[in-house]
Q: 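Have a look at this one before I ask anything.
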Amino acid sequence: MTDRMETHSEVFYLPDERARQLLAFAAAHPRIIRAEEACRRELGLTPARYVLLLHRLIDTQQALDIDPVLTHRLRRIRDEDRAGTARRLGTTH
């Protein structure tokens with residue numbers, strides 16, 4: 001199964017089944033650092049690709065339709081991580 005991303009036009013699409021897989025994996029493995037092998041085995045993705053797809057997915061209505069509570073939690077965690085990184089680097093967003 002191929003995940004399509006077209007960054008030049010900001011189009012992002014994942015089939016619903018794939019989106020559900022990513023969200024279910026995120027719910028089952030809250031810390032990707034401990035789940036690198038599971039990521040490869042269960043999703044067939046490198047951890048970096050998984051995180052990229054997940055971060056794009058949680059900004060879509062599709063993710064909210066599938067699991068709104070998880071989507072909001074993942075957005076909050078991502079935003080907190082980004083804010084912490086910005087603080088450590090002395091930059092602001």
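Predicted model, so just to flag it, every value in this text is computed and none were measured.
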Q: For the side chain of Glu36 and the backbone of Pro47, is there at least one donor-acceptor N/O pair under 3.5 Å apart?
A: no
Q: Are Leu43 and Leu54 grouped together when hydrophobic residues (ILVMFWY) are joined by side-chain heavy atoms under 4.5 angstrom apart?
A: yes
Q: Can you give me the closest heavy-atom contact between Gln62 and Ala19, atom names plus distance?
A: NE2-CB, 3.7 Å
Q: Got a donor-acceptor contact below 3.5 angstrom from the Thr71 side chain to the Ala63 backbone?
A: yes
Q: Are Phe25 and Ile58 linked, directly or through other ILVMFWY residues, by side chains that come within less than 4.5 angstrom of each other?
A: yes
Q: Give a yes or no on whether a salt bridge exists between Asp81 and Arg76, defined as a side-chain N under 4.0 angstrom from a carboxylate O.
A: no
Q: What's the verdict on side-chain contact (heavy atoms from CB on, under 4.5 Å) for Asp16 and Asp65, showing C-alpha distance, side-chain angles and the deciding distance?
A: CA-CA 10 Å; Asp16 280 346; Asp65 292 344; over 6 Å; no
Q: Within this structure, what is the CG-CD distance for the pair Leu64 and Gln61, rounded to the nearest 0.5 Å?
A: 5.0 Å
Q: Taking side chain as C-beta onward, heavy atoms only, is Arg73 less than 4.5 Å from Ile77?
A: yes
Q: State, to 0.1 Å, how close Tyr50 and Leu22 come at their nearest heavy-atom pair, and which atoms those are.
A: CD1-CD2, 3.6 Å
Q: Rounded to the nearest 0.5 Å, how far does OG1 of Thr85 lie from CD of Glu80?
A: 11.5 Å
Q: Find out if a path of hydrophobic residues (ILVMFWY) with successive side-chain heavy-atom gaps under 4.5 Å connects Leu70 to Val51.
A: yes
Q: Take Leu45 and Arg40 through the side-chain contact (heavy atoms from CB on, under 4.5 Å) test and state the conclusion after the steps.
A: CA-CA 5 Å; Leu45 297 171; Arg40 285 181 168 81; over 6 Å; no
Q: Is any side-chain heavy atom of Asp59 less than 4.5 Å from a side-chain heavy atom of Arg75?
A: yes
Q: Can you measure from CD (Glu42) to NE2 (His29) and round to the nearest 0.5 angstrom?
A: 4.0 Å
Q: Please name the pair of heavy atoms, one in Leu14 and one in Arg18, separated by the smallest distance, quoted to 0.1 Å.
A: CD2-CG, 4.0 Å
Q: Hey, what do you get for NE2 (His55) to CG (Asp79), rounding to the nearest 0.5 Å?
A: 9.0 Å
